[in-house]
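One structure below.
Just so we're clear, the structure is a prediction, and the values are computed from it rather than from any experiment. Heavy-atom basis, side chains included; hydrogens, waters and symmetry copies ignored.
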Amino acid sequence: IEILEGYGVTEAAPVIAGLHGWADGIRSAELDRYAAKLAVMTDADRATVEAISRSIVAKILHHPTVALREAAGTAKGDRLVEALRELFEQ
């Protein structure tokens with residue numbers, strides 16, 4: 001996740017996109033890891049698994065995303081950015 005200190009409202013978007021990209025990369029890697037087991041599924045079943053896993057990631061990241069957007073450009077926003085660095089080793 002590329003995180004910028006002192007970011008403003010317009011700069012919050014890349015931080016949020018980075019967080020979502022990082023989480024989606026993990027989601028995708030896990031699906032790849034289980035590819036052999038998923039191979040026996042129909043295309044529709046695989047699409048359902050993809051949709052469910054994307055939905056889980058989105059729901060997990062919803063509150064952090066909202067908090068970053070609301071705090072962008074403030075001291076609290078800077079603290080949240082630093083917390084992201086620490087928690088997600090970015």
Side-chain angles (χ1 to χ4, degrees):
I1 306 170
E2 183 178 327
I3 299 176
L4 308 172
E5 295 211 24
Y7 68 99
V9 174
T10 57
E11 290 83 19
V15 173
I16 292 166
L19 178 62
H20 281 261
W22 172 81
D24 192 62
I26 292 171
R27 181 199 67 78
S28 180
E30 286 301 298
L31 288 177
D32 289 347
R33 194 169 79 126
Y34 287 94
K37 291 182 180 180
L38 296 175
V40 298
M41 300 172 88
T42 66
D43 288 343
D45 289 340
R46 278 193 299 279
T48 299
V49 169
E50 281 277 342
I52 290 169
S53 65
R54 287 182 194 281
S55 178
I56 290 168
V57 168
K59 287 178 190 297
I60 290 170
L61 295 180
H62 176 73
H63 181 71
T65 298
V66 170
L68 279 170
R69 281 191 184 126
E70 289 176 351
T74 68
K76 179 180 179 181
D78 291 343
R79 289 191 308 271
L80 291 175
V81 166
E82 187 57 37
L84 281 176
R85 278 193 186 125
E86 183 71 25
L87 292 171
F88 298 102
E89 299 178 337
Q90 301 299 316

Can you name the closest pair of heavy atoms from Leu61 and Thr65 and give their distance?
O-OG1, 2.7 Å

Closest approach of Pro64 and Leu19, non-hydrogen atoms and distance?
CB-CD2, 4.4 Å

In sequence, state the C-alpha distance, the side-chain angles, and the governing distance for Ile60 and Ile56, and then conclude on side chain to side chain contact (heavy atoms under 4.5 Å, CB included).
CA-CA 6 Å; Ile60 290 170; Ile56 290 168; 3.7 Å; yes

In this structure, would Val40 and Tyr34 fall into the same cluster of hydrophobic residues linked by side-chain contacts under 4.5 Å?
no

Nearest 0.5 Å please: distance from the CD atom of Glu70 over to the NE2 atom of His63.
8.0 Å

What do the steps show when you test Glu30 against Arg33 for side chain to side chain contact (heavy atoms under 4.5 Å, CB included), and what is the final call?
CA-CA 5 Å; Glu30 286 301 298; Arg33 194 169 79 126; 3.1 Å; yes

N-O pairing of Glu50 and Arg46 below 4.0 Å:
no

Euclidean distance, Thr74 OG1 relative to Leu80 CG, rounded to 0.5 Å:
7.5 Å

Check whether any side-chain N or O of Thr48 sits under 3.5 Å from a backbone N or O of Ala44 as a donor-acceptor pair, and report yes or no.
yes

Going hydrophobic residue to hydrophobic residue with side-chain gaps under 4.5 angstrom, can you get from Val57 over to Leu31?
no

Quick one: does Ser55's side chain have a donor or acceptor within less than 3.5 Å of a partner on Ala51's backbone?
no

Kindly work out whether a path of hydrophobic side-chain contacts (I/L/V/M/F/W/Y, heavy atoms less than 4.5 Å apart) joins Leu87 to Leu68.
yes

